[in-house]
Structure formats: structure tokens, C-alpha cells
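Some notes on the structure that comes next.
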Amino acid sequence: MGKRTIRDKLIINFAAFTGLACAFGLATILLNAWMATDAAVLEAEHVAEMIANNGIVDPLDHVDELQQHIMKVHALQKRDVFVVDRSMRIVADSDADEIGSRFTYDRAGVIATTMNEGRPGKFVEDNPSLKESNKLVVIPLRRDQSRSNSEIVGALALEYTAIYDELMESVHLFIRFIVVLLALFLAITYALSSHISRSIIASLKRLQGAIEALIQGNHHARVNIASEDEVAELAGCINRLADKMEASFRDKEERLAANAEQLRLMNIRLADEVQQHKLSAERTEYFAYYDHLTTLPNRRMFSHLLGAAIAQASARKTALGLLFIDLDEFKHINDTLGHAAGDELLMSVATRLKECVRVGDTTARLGGDEFVILVEDLREKSHLEALAAKLLDALQLPHRIAGAEFRITASIGISIFPDDGEDETSLMKNADMAMYQAKRHGKNNCQLYCEELQSHMERRFMLESSLRQALERQEFTLAYQPKVCAASGRIIGAEALLRWNAQPAGFGNLGPCDFIPVAEDSGLIVPIGRWVLETVCLQHNEWARHGFGELNVSVNLSARQLADSSFYNDVVSVIARTGIDCARLEFELTESAAMENMEQTIALLKAMRKQGMRIALDDFGTGYSSLSMLKQLPVDAIKIDRSFIRDMPGDTHANALTHAIVAMSKVMDLRVVAEGVETVEQVDFLKQCDCDEFQGFLFSRPVSPEAFFALLEQQKALDTLVS
Ligand SMILES: Nc1nc2c(ncn2[C@@H]2O[C@H](COP(=O)(O)O[C@H]3[C@@H](O)[C@H](n4cnc5c(=O)[nH]c(N)nc54)O[C@@H]3COP(=O)(O)O)[C@@H](O)[C@H]2O)c(=O)[nH]1
């Protein structure tokens with residue numbers, strides 16, 4: 001079934017209503033017609049009964065009286081009346097001419113039926129001669145009309161056409177009235193229905209328009225229905241829905257606006273971050289090739305530049321010079337002044353270096369305090385030496401760091417392409433090797449690479465592996481050099497000095513000055529030092545066993561040992577294992593070793609002194625020898641370097657310095673040991689200076705444990721003799 005509009009439904013309703021109204025009208029008409037017929041028949045029956053009940057008993061025997069009566073009724077009411085006997089012969093008739101004839105115009109046999117059944121009947125006369133058919137009512141005619149069970153002798157027929165027509169006339173009038181009324185009613189109903197449907201449809205259309213506007217996003221759309229019916233309620237609902245939608249839309253709009261603002265801010269931030277990222281990427285890219293502190297090319301960049309320069313020089317058959325620069329004692333400066341000052345110094349160095357080179361030369365920082373300079377188109381080797389000298393001079397000039405002036409030196413190694421190397425790696429390695437050589441040559445100088453240097457390095461490498469083996473094979477021994485009390489002249493202690501027996505062939509006779517630096521550079525000095533300490537402690541136990549437990553014994557320490565994280569624990573555990581009296585154990589370290597990592601060294605020395613061990617500052621006077629440093633370091637004694645002792649008493653300068661050192665030490669409550677004492681004059685002078693102890697060849701060279709023991713025994717014997 002298709003969709004039905006409201007209009008369709010109203011029309012259907014209207015049609016149904018019309019149909020019902022018509023049916024009702026028709027039913028009314030039919031009822032009226034039936035009632036009219038019934039009334040006419042009843043009236044006829046009544047009249048017929050009246051005629052029949054006129055008091056005549058056995059009426060067919062009194063037909064004349066019956067005839068008279070009929071005639072009276074006919075005269076009064078102008079109706080046809082006749083009476084038939086059971087054979088349908090007319091015995092009385094308002095039309096007297098018909099009397100005696102048979103009535104034949106009742107084809108349906110209504111009269112016969114009436115006579116048989118005793119009930120009234122009605123029929124329409126089938127007389128073709130009549131213009132209008134007569135309607136007749138028939139009643140049975142009894143012998144005694146007052147008795148209902150009396151024999152039926154005939155029938156009386158009374159025409160009721162006129163009364164019927166009269167009644168039907170009013171029925172027709174009623175029908176016309178009903179039809180007009182129905183038509184009027186239908187017209188009004190139709191008009192009203194149309195009006196209502198139009199008004200409802202118009203309202204619905206407005207509702208539809210409002211809803212469609214809402215659907216299309218017009219949230220201001222509202223519908224105003226003046227009525228107070230359901231449509232108006234629906235309009236109210238739609239308006240409320242629209243209000244909600246508008247509020248929700250406004251809310252959404254506000255949220256959208258907020259989101260858009262957030263998005264905008266995020267976009268700005270994102271753009272900013274992208275920019276930052278770009279900058280950071282550029283910075284990362286930059287610092288991948290440039291040193292962030294000095295802005296000089298870094299190792300990676302320099303490697304590229306050197307590679308390119310070698311390729312170009314190789315093609316052009318020209319030479320290159322590579323200067324490897326390492327600052328002397330930079331670590332000390334960094335440790336004492338702090339990293340910020342160290343950074344400032346590095347920046348100052350970078351500036352000085354750049355100021356010294358030509359425009360086409362490349363200066364780079366490899367890291368730490370290592371710098372390189374690449375000189376292209378090199379004509380003369382001497383130009384490199386001149387440049388190195390210029391650099392050393394420039395670097396020596398005071399640097400203004402943190403408001404104070406500092407002086408530094410540097411060591412420079414030089415290699416040349418293609419003589420000293422044809423590739424980047426060998427050129428760098430050889431310049432670096434030459435720089436180490438410059439360091440070994442006392443720093444603040446430059447060294448040109450040469451093949452001997454290479455063989456020297458190779459020799460050094462072989463020495464290192466031999467040293468490693470020596471430790472494993474226990475090829476080291478200790479010599480002991482006596483320390484003599486200045487006041488009593490007696491041996492009061494000894495310094496343990498490392499010796500290497502069974503040395504490998506090809507190295508000559510290697511003294512500690514030859515192999516200890518190699519052991520220090522390679523780190524082997526740590527296990528070697530551990531062995532020295534253990535041996536010294538065991539030796540002291542041995543002396544103690546022979547009654548020389550009061551002797552003090554000194555052990556040398558290098559910076560590398562002090563820097564070793566397990567050093568303190570190693571010392572403590574050796575002491576615990578051997579059971580040596582800590583008060584008899586003294587450690588000697590140089591000023592430069594102490595200064596390599598001053599803070600850590602101070603803490604370490606303090607811890608050792610707390611355990612009862614003593615500390616002596618070795619080679620005093622050759623390094624910084626600053627008063628402030630001496631004040632900071634927790635030491636018990638200083639050993640005046642033998643370079644001072646050697647020159648006295650002839651050198652007034654050395655004499656004065658020795659005097660000053662001893663005086664200063666006394667003020668600081670430090671014991672003073674003079675080392676390298678070789679002459680009696682030196683002893684006399686040192687005694688005048690109030691020196692506490694002497695150590696030197698005058699008393700004894702460093703000797704084997706057995707020889708030292710013999711010295712002790714000899715002293716003991718002398719003591720016995722004197723006492
Ligand atoms: N870290 C360690 N260093 C050690 C150890 N053993 C030795 N050393 C250091 O080696 C350097 C050289 O020592 P050595 O060749 O033994 O020389 C010592 C003495 O022989 C020498 N000396 C002593 N008296 C005189 C003298 O009258 N004249 C003279 N020309 N030389 C003399 O001095 C060296 C001892 O010096 P010092 O240590 O400064 O007291 C040396 O620096 C040793 O420190 C070790 O086990 N570990």
C-alpha cells in the first residue's frame with residue numbers, strides 16, 4: 001500500500017463519512033417508505049376490519065347489507081372495496097358491475113392464501129386495463145367475524161392506493177429534505193474538512209520547513225503555530241529541539257573555536273619546534289665538524305681536510321706540514337683553576353694559534369689540550385720550525401683567565417708529507433710521536449719527526465712488553481739506600497729503589513729512570529708498585545725480626561699509582577697482610593705527581609696519614625714549589641732535590657734556596673731530608689741549615705737487602721763498641 005497523505009486520509013474519512021450518511025439517509029428513506037406502506041396497509045386493514053365487523057353474521061348470506069356497507073365506505077372514502085367468496089367470485093363490490101364476476105387479478109394468490117391461512121395479506125392488482133395499479137389489502141371474512149376461530153367464508157379486499165400515495169408523498173418530501181440536508185451537510189463537512197486539512201497541511205508544511213532548515217544547519221529556524229492543538233505542541237517540541245540543537249551547536253562552535261585556537265597555538269609551537277629542531281640539527285651538524293668551545297674544525301673535520309690536502313699535494317707534487325701541539329701541564333691548570341678557567345685558556349690558545357698561521361693554513365682542535373695546524377704548499381722544512389717557534393712564543397705570553405694572568409707552554413711535534421708519511425694516519429701518528437718526544441725533551445719545545453724517533457718508539461714498545469714479562473717472571477728486586485740522621489749520623493731509615501735484574505738484551509743497562517717512565521705510561525707501574533710495597537713491608541718485618549724494627553722505610557709513588565682507584569685499598573690490605581707498623585712506612589711522591597689530581601691526592605694522603613703512614617714530598621724545588629701548594633698538601637717531610645745539593649756550597653744561589661726551603665719547612669713543622677749528598681762540605685752546610693736527614697752516595701749507594709742488612713749490623717757493632 002502506497003503512502004497516504006493527510007489529505008488522502010481526510011478525503012477517505014470524508015468519503016466514508018459521506019457513505020455512512022448516505023446509507024443512513026437511504027435507511028431512513030426505506031424505513032419511511034416501509035412505515036408508509038405499513039401505515040397504509042394497517043389503515044386499510046383497519047377499515048376492512050371495520051367493514052367486516054359491521055355485525056353481520058354469515059356475511060355471504062347477507063351480501064346486500066354488505067354491499068350497502070361497502071358503498072357507504074366507498075362514498076365516504078372513495079376507495080374500491082370488494083368481497084369474494086372462496087371461489088374468488090365477487091359477491092359485493094364498490095363497483096356493482098363487477099358483482100358476480102370472478103376476480104382474476106391476483107396472480108400471486110394472496111387472496112387465496114389469506115383465506116386459507118386466516119391472516120391479512122396485500123397485493124397489487126394485475127389489471128392491465130388500469131392506468132395505475134391498485135394496491136389492495138385483503139382480510140379473511142369469517143362467518144362470525146367476532147370469533148377468530150369462525151369459518152372463513154371469503155375475503156374482503158380494500159384498496160389503499162390513495163392513502164399509500166398520500167403517505168408516499170410525505171415520504172418523498174422527507175427524502176428530498178433528507179437529500180438536501182445530506183448535501184448541505186456533506187458540503188459543510190467537505191468545506192470544513194478541506195479547511196482543516198489545509199490548515200493542518202499548512203502547519204505541517206511549516207513544521208517540515210523548519211525541520212529541513214534545521215537539517216540544513218540553520219539552527220535559528222523556529223516555527224510559530226498560533227493554534228493550541230497538537231500541531232502547536234509538535235511545533236513547540238521542534239522549537240525546543242531546535243533550541244537544544246542551537247545550544248549544542250553553539251557549545252560545539254565554542255569548543256571548535258577553542259580547539260581551533262589550541263590547534264593554532266600547537267601549530268605555532270610545532271613550527272617553533274620544527275625551527276628549533278632544524279636549528280638543533282644544523283647545530284648538531286655544525287658540531288659534528290666543529291669544536292663547540294673554540295669553533296675550530298674538530299678531529300673529524302680535520303681528518304677530511306687533511307685527506308683532501310694530501311690528495312691535492314700528491315697530485316701537485318707539493319709538500320704539507322703537520323704540527324701537533326699539546327699544552328704542557330694543562331691538566332694541572334684545569335684541576336687547580338677549574339674547568340671554566342681551563343675552557344677560557346683553551347679559547348685563548350685557539351685565538352693565539354690562529355693569529356700565528358697564514359690564511360690558507362688550517363688550525364683544528366682534536367680534543368682536550370691537543371691542537372693541530374696543517375700547512376699547505378710547504379716550500380722549506382725550516383718554515384715549519386719557524387712557525388713552531390712563533391707558536392711557542394705566542395703561547396708563552398700571559399693569558400688573561402678569570403681576571404688573572406697565566407703563563408703556559410706547549411710541546412710541538414712536526415711531520416711532513418710525503419717524507420714522514422703518505423697518508424693521514426701515518427702523518428698524524430708521526431707528528432704525535434714527535435710531540436711526545438718534545439715532552440720528553442723537557443716540554444716547551446718542538447721536535448721534527450725522524451726515523452730514529454720511530455725506532456725509539458718501537459724500542460719503547462718492546463721495552464713495555466719486556467717489563468710486563470719481568471713482572472710475571474719476578475725479575476725485579478729492590479735496593480735500599482740508607483737515610484742518615486743529621487744529628488746522630490746513624491741510619492734511621494732507607495728508601496726502597498726498584499731494580500730490574502735479568503734485563504732483556506739490546507737495551508743496554510736500564511736504570512729506573514729508563515724503565516719507570518715506560519711502566520708509568522703503560523700503567524704497569526700499578527702492579528709493579530703493589531709488588532714494591534709488599535716486598536718492602538716483608539723486608540721491614542725481616543729487619544724487625546733482627547731488632548731493626550725502628551727503621552723507617554720509604555716507597556716511591558708515581559702519579560699513575562695515585563690515580564688508580566684501588567690504590568688505597570691495596571695499601572691497606574698489604575699493611576694488614578704483612579702486619580707492618582704503619583708509622584714506619586713513608587711514601588714519597590713528587591710535586592708534579594701530587595698536582596696531577598690535587599683534590600683526589602689530598603683526600604688520599606689524608607686518609608693514609610690517618611692510618612699512621614707518613615708522606616714526603618720528593619724532588620722538592622724542581623717543580624712548582626709553591627707555598628700555597630705546600631700548605632694544602634698533607635705531608636710530613638720534604639726532600640730537597642739533589643740538583644740543589646749538587647751545587648752547594650759553591651753556588652750561593654743554591655745555598656740561599658736550600659736555606660729558605662729548610663727555614664720554610666721548619667715553620668711548617670716539616671722534616672727536611674737532603675738527597676744526593678755526596679760530600680762532607682755538603683753535610684756541613686746542610687747541618688748549618690738545620691736539615692734533619694741526609695741521603696746520598698756519601699753514606700751509601702742504594703744496595704741490596706743483604707748489603708743494607710750488613711750496614712745495619714755494622715752500625716749495631718759500632719754501637720756496641722762505643723757503649
Ligand atoms: N715510582 C717509583 N719510582 C721509583 C722506584 N724506584 C726508583 N724510583 C725512581 O726512579 C728514579 C731513579 O731512581 P734511582 O736510579 O734508583 O736513583 C735513586 C738514587 O740512586 C739516586 N741517588 C741517591 N743518592 C744520590 C747521590 O748522592 N748522587 C746521585 N747522583 N744520585 C743519587 O737518586 C734516586 C732516588 O731519588 P729520589 O727517589 O728522588 O729520592 C728516582 O726518581 C726514583 O724515585 C719505585 O719503586 N717506584
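Numbering of ligands and ligand atoms starts at 1, following listing order. Since this is a predicted model, take the numbers as computed values, not measurements.
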inquiry  = Using heavy-atom distances only, which candidate in Gly676, Pro512, Ala479, Gly511 approaches atom 10 (O) of ligand 1 most closely?
reply    = Pro512
Within the protein, is there a heavy atom lying under 4.0 Å from [atom]?
atom	value
atom 17 (O) of ligand 1	no
atom 7 (C) of ligand 1	yes
atom 24 (N) of ligand 1	yes

Heavy-atom donor-acceptor pair, [X] side chain to [Y] backbone, under 3.5 Å:
X	Y	value
Asn445	Lys443	yes
Lys483	Glu693	no
Arg400	Gly403	yes

What is the nearest protein non-hydrogen atom to [atom], stated with its residue, atom name and distance?
atom	answer
atom 30 (N) of ligand 1	Glu678 OE2, 3.4 Å
atom 21 (C) of ligand 1	Arg642 NH1, 3.5 Å
atom 31 (N) of ligand 1	Phe697 CZ, 3.4 Å
atom 46 (O) of ligand 1	Leu498 CB, 3.5 Å
atom 20 (O) of ligand 1	Pro702 CG, 3.4 Å
atom 35 (C) of ligand 1	Leu497 CD2, 3.8 Å

Consider every N or O of [X] and every N or O of ligand 1, then say whether any pair is closer than 3.5 Å.
X	value
Glu495	yes
Ala496	no
Glu520	no

Could [X] and [Y] be called an ion pair, given the rule that one side-chain N must be under 4.0 Å from one carboxylate O?
X	Y	answer
Arg671	Asp636	no
Lys381	Asp419	no
Lys666	Asp692	yes

Using a 4.0 Å cutoff against the non-hydrogen atoms of [X], which atoms of ligand 1 qualify?
X	answer
Glu675	36 (O), 37 (P), 39 (O), 40 (O)
Val677	27 (O)
Lys639	40 (O)
Arg499	16 (O)
Asp619	39 (O)
Gly696	24 (N), 27 (O)
Glu588	40 (O)

Qualifying ring-ring contact (aromatic ring centres under 6.0 Å, His included) pairs, either residue in residues 637-661, two or more places apart = His659-Phe685
request  = In sequence, state the C-alpha distance, the side-chain angles, and the governing distance for Ser426 and Asp423, and then conclude on side chain to side chain donor-acceptor pair (under 3.5 Å).
outcome  = CA-CA 6 Å; Ser426 51; Asp423 58 71; 3.0 Å; yes
task = Examine the proximity of ligand 1 to Ile516 and report which part, side chain or backbone, both or neither, has a heavy atom under 4.0 Å away.
result =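 The part of Ile516 near ligand 1 is the side chain, not the backbone.
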request  = Classify the contact between Asn556 and ligand 1 as side chain, backbone, both or neither, using a heavy-atom distance cut-off of under 4.0 Å.
outcome  = both
key: Asp669 atom CG, over 12 foreign heavy atoms within 6.0 Å   =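 Not buried by this count: 12 neighbours or fewer within 6.0 Å.
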message = Would Arg299 pass as a cation-pi partner of Phe302, given that its NZ or CZ must be under 6.0 Å from the six-membered ring centre and within 45 degrees of the axis?
response = no
key: Test ring-ring contact (aromatic ring centres under 6.0 Å, His included) applied to Trp543 and Phe708, Phe548, Phe709, the passing residue   = Phe708
task = Could you tell me whether the side chain of Leu467 reaches within less than 4.5 Å of the side chain of Trp500, counting heavy atoms only?
result = yes
ask   = Does any pair with a residue in residues 553-582 pass salt bridge (charged side-chain N to carboxylate O under 4.0 Å, His left out), and if so which ones, sequence neighbours excluded?
value =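 Output for this query lists Arg530-Asp570, Glu534-Arg577.
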query = Is the closest heavy-atom distance from Cys513 to ligand 1 below 4.0 Å?
reply = yes
query = Minimum heavy-atom separation for Leu427 to Asp420, with atom names?
reply =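 Smallest interatomic distance, heavy atoms only, reads CD2-C, 4.4 Å.
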